[in-house]
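As structure tokens, the structure follows; a few thoughts come after it.
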Number of protein chains: 2
Amino acid sequence: MGRPTIDDVARAAGVTKATVSHAYSGKRPISATTKARIFAAAERLDWVPSSRARALAARRANAVGVVLSRDPAILASDAFFPAFISGVESVLAGHEIALVLQMVTGRTAEERAYRAMASGRADGVIVLDLHRVDWRVPYLRDLRLPAVLLGAYDAENPFSTVRTDDATPVRELVAHLRALGHTRIAHVSGPLDYVHSHARAAAYVESVGGDELLREGDFTAGSGRALTAELLGLPDRPTAVLYANDTMAIAGYSYARSRGLEVPADLAVAGFDDDHLSAHLSPALTSVSSDPFRRGKVAAERLLADLAGEPAESVTVDCTVLRLRASTAGPAPEAHPTPLEEELS
Amino acid sequence: MGRPTIDDVARAAGVTKATVSHAYSGKRPISATTKARIFAAAERLDWVPSSRARALAARRANAVGVVLSRDPAILASDAFFPAFISGVESVLAGHEIALVLQMVTGRTAEERAYRAMASGRADGVIVLDLHRVDWRVPYLRDLRLPAVLLGAYDAENPFSTVRTDDATPVRELVAHLRALGHTRIAHVSGPLDYVHSHARAAAYVESVGGDELLREGDFTAGSGRALTAELLGLPDRPTAVLYANDTMAIAGYSYARSRGLEVPADLAVAGFDDDHLSAHLSPALTSVSSDPFRRGKVAAERLLADLAGEPAESVTVDCTVLRLRASTAGPAPEAHPTPLEEELS
DNA sequence: GTTCACGGTAAAACCGGTTTGATGAACCGG
DNA sequence: CCGGTTCATCAAACCGGTTTTACCGTGAAC
């Protein structure tokens, strides 16, 4: 009737199910002839062991989880996520481990999702979009759910972390713009309670020596546009803007253009994360590629190591590459042109 | 020590575990007072039922699967997937159902992945990137694994399908270009053994009345570029090109520009799938938005309906919207300019 | 005043594997 | 030739729930 079970195989091979189990797991020696009989029977019956039963008995799901609390709309326009997941899967695939994904909105739903993971859906999780003070860290500790954190988490915690140096590329970008003659360099950041946004913003502030031209965005095109408008409306407007992602950068430079500014002649623009289309825009967008695929790989490897019993460890992935393109080419504008002729828009 | 089990709760409430189970499932009436005692005990012990045990006993994983056989590199530069998954999750989240993702390369790995799903990881799967003759359809039938197919599958099959009308937007695009005066309209398709690529290409061939200017690409920027080069090298080159996705379209129009052509003045360009950056390119790219979020939603709802025992059904999602933008604006070029001055590149 | 239906709970079987303890046969040194 | 290993296998317990069966007490029906 239904799918064959281990008992069917055992019966067909003339042994008990314990022997079948051992033949596959190798945890007890089984004679070659018996093994052959068992494998033949399994083959003939087309037996696939029930992953449900296996998970219960072995107390392990053979799956790792990712809980995403992003707004679906933002996720859909994000270059990071699919590449990151690809990297994770590239590691898991070789171990017959599956990826369990849950997308939630709201703290309650997120807690529920993590409890579900801890209740046996997954053996461990990868935590993205870490906040500077993140409730999930103590929460996961209390759940005793193995986890790998993506991004530096300073406070005491028992988890492995996968860090990336976000500061260096920002410093390099600022240096690059300075070399071109820019003195008024602005930054439109992501939400500053994210560790990565904060790290980038901090490196920016340190590089330019102040936060006068720092504006906090939220990674959406809308905020990129609005904050660009605000910056360009300043009496002494910036001649260059660094955005925390490409979506905001593109929204920003579209807006600047709509007000009659040329990129990069009147305004230099740089993004972050190097969306796959950014190189094809015109002018092509300077950005920082951060190899999310590789970070996904490293995070998955680290989690598997944790699950194998190795002690937690913090690894740093050196994966950011500055992609200098046309949007920051050429010398800085001479002086700051008179405030925009807004009536011309 | 470990997490509390249903037995611990039962003991604390002074009942048997069967009663606890029934109190939650409601499959047997339990008096209000007993229920209250059970819930209080569960709360106090912080009991979360083991999803592993539940899956085994109830013969259902409370999860649905998606197996992706795309090359990770392609996936990472694809606008469709994250939005589609968001749509799927938006439905699953409300039912406490998880999404199990497996990315594989190669038929063997893909079969293994589906067998894993069938062995209890998932209660059903959503099948993407359907081929015109797809081995997965009979394979899944043999596995008796509930599935929803995304895209029209003509051959006899027992599954629900979620269709989209790909032909109409193509016809509209061709009509639009014709109205602008274009007579030489080319199409760079996706692999023609995919049902959706084929449907688009077929609609194109029907509209323009021939396949002289049809070229088969593979959705990558590289193929977009190469096939554009080929088309522009023709003695009587096209004045407009329809691409099967935005990535190829952008690669194509970058290439055309590098050869000194203006878009849209010398070459009109249209994409497909409406990447979130396409509207921000300059000129903005005409494309066909196909609302992958909504298709994900519908596919998930359909699968849940199948799992609930409803008979398989084929639903059509009407979700394509033509986004006419600058890349196809203006009249067609007068005549076909002399073959490109290749020496100028 | 028995009979019957039914609400409420206990007891036990079951889901399909893994793991552990026991057993018998072969092997081995003294 | 005997006690002690080692090897191969069986039998049973176990993982933590769900589901089925059985049983008891009570109020309604006859």
Side-chain angles (χ1 to χ4, degrees), chain A residues 1-39 41-42 45-63 96 115-123, chain B residues 1-39 41-42 45-63 96 115-123:
Chain A
M1 252 312 309
R3 303 181 203 290
T5 73
I6 195 173
D7 275 313
D8 299 326
V9 175
R11 206 170 308 121
V15 297
T16 63
K17 61 179 185 172
T19 307
V20 176
S21 179
H22 288 136
Y24 280 93
S25 71
K27 299 204 172 175
R28 287 273 177 95
I30 299 291
S31 71
T33 57
T34 309
K35 253 189 204 166
R37 236 178 32 242
I38 291 173
F39 294 159
L45 295 178
D46 197 26
W47 175 63
V48 180
S50 153
S51 42
R52 297 200 272 249
R54 193 195 291 251
L56 177 60
R59 295 172 195 70
R60 107 191 294 272
N62 285 310
E96 304 267 316
R115 294 173 68 109
M117 295 288 179
S119 81
R121 269 197 196 301
D123 302 316
Chain B
M1 246 321 306
R3 302 181 205 289
T5 73
I6 196 174
D7 275 313
D8 299 326
V9 174
R11 206 172 308 121
V15 296
T16 64
K17 60 180 185 171
T19 307
V20 175
S21 179
H22 287 136
Y24 279 93
S25 71
K27 300 204 171 175
R28 286 278 175 96
I30 300 291
S31 70
T33 57
T34 308
K35 255 189 204 166
R37 236 177 33 240
I38 291 173
F39 293 159
L45 296 177
D46 196 24
W47 174 63
V48 181
S50 154
S51 42
R52 297 199 272 251
R54 193 196 294 253
L56 177 59
R59 294 172 196 71
R60 106 193 298 269
N62 285 308
E96 304 267 316
R115 294 174 66 107
M117 296 289 180
S119 81
R121 269 198 196 300
D123 302 316

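Numbered from 1 within each chain, the chains take letters A, B, ... in sequence-line order. Note that the coordinates shown come from a computational prediction; the quantities given were computed from them, not determined experimentally.
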Spacing between D7(A) atom CG and dC14(C) atom P, to the nearest angstrom: 12 Å
Which atom of N62(B) lies closest to which atom of D123(B), heavy atoms considered: N-OD2, 2.8 Å
Any S21(B) side-chain nitrogen or oxygen under 4.0 Å from OP1 or OP2 of dT18(D): yes
R54(B) side-chain N/O to dT18(D) phosphate OP1/OP2 under 4.0 Å: yes
Base dT9(C) paired with R28(B) side chain (donor-acceptor, <3.5 Å): yes
Length of the line joining R37(B):CZ and dA10(C):P, which is rounded to integer Å: 8 Å
Selection from dT19(D), dG16(D), dG17(C) that lies nearest to any side-chain heavy atom of T5(B): dG16(D)
Interatomic distance, T19(B) atom OG1 to Y24(B) atom OH [nearest 0.5 angstrom]: 13.0 Å
Rounded distance in Å - CZ (R52(B)) to C1' (dG16(D)): 10 Å
A18(A) side-chain proximity, nearest of dC10(D), dT20(D), dC15(C): dC10(D)
Nearest-neighbour nucleotide for the S50(B) side chain, dC15(D), dC15(C), dG17(D) considered: dG17(D)
Short side-chain N/O contact to dT9(D) OP1/OP2 from S31(A), under 4.0 Å: yes
Earlier contact from the 5' end, DNA chain C, for V20(A) and T34(B): T34(B)
T19(B) vs dA10(C): side-chain N/O to OP1/OP2 distance below 4.0 Å: yes
Any side-chain heavy-atom pair of H22(A) and I38(A) under 4.5 Å: no
N/O donor-acceptor pair under 3.5 Å between R28(B) side chain and G26(B) backbone: no
Distance below 4.0 Å between K17(A) side-chain N/O and dG16(C) OP1 or OP2: no
Phosphate OP1/OP2 of dG16(D): any W47(B) side-chain N/O under 4.0 Å: no
Whole-Å distance separating the CZ atom of R60(B) from the C1' atom of dC15(C): 15 Å
Shortest non-hydrogen contact between A53(A) and S50(A), atoms and distance: N-OG, 3.0 Å
Sugar-phosphate, base or nothing in reach of P29(B), heavy atoms under 4.0 Å: base
Between P of dT18(C) and CD1 of I30(A), the distance in whole Å: 13 Å
Contact under 4.0 Å: T16(A) side-chain N or O vs dC10(D) OP1/OP2: yes
Between dG16(C) (P) and R3(A) (CZ): distance, integer Å: 11 Å
Trace of the side-chain contact (heavy atoms from CB on, under 4.5 Å) decision for R37(A) with I30(A): CA-CA 11 Å; R37(A) 236 178 32 242; I30(A) 299 291; over 6 Å; no
Integer-rounded Å distance: dT19(C) P and K27(A) NZ: 4 Å
Nearest-Å distance for atom pair CG/P, residues L56(B) and dT18(C): 12 Å
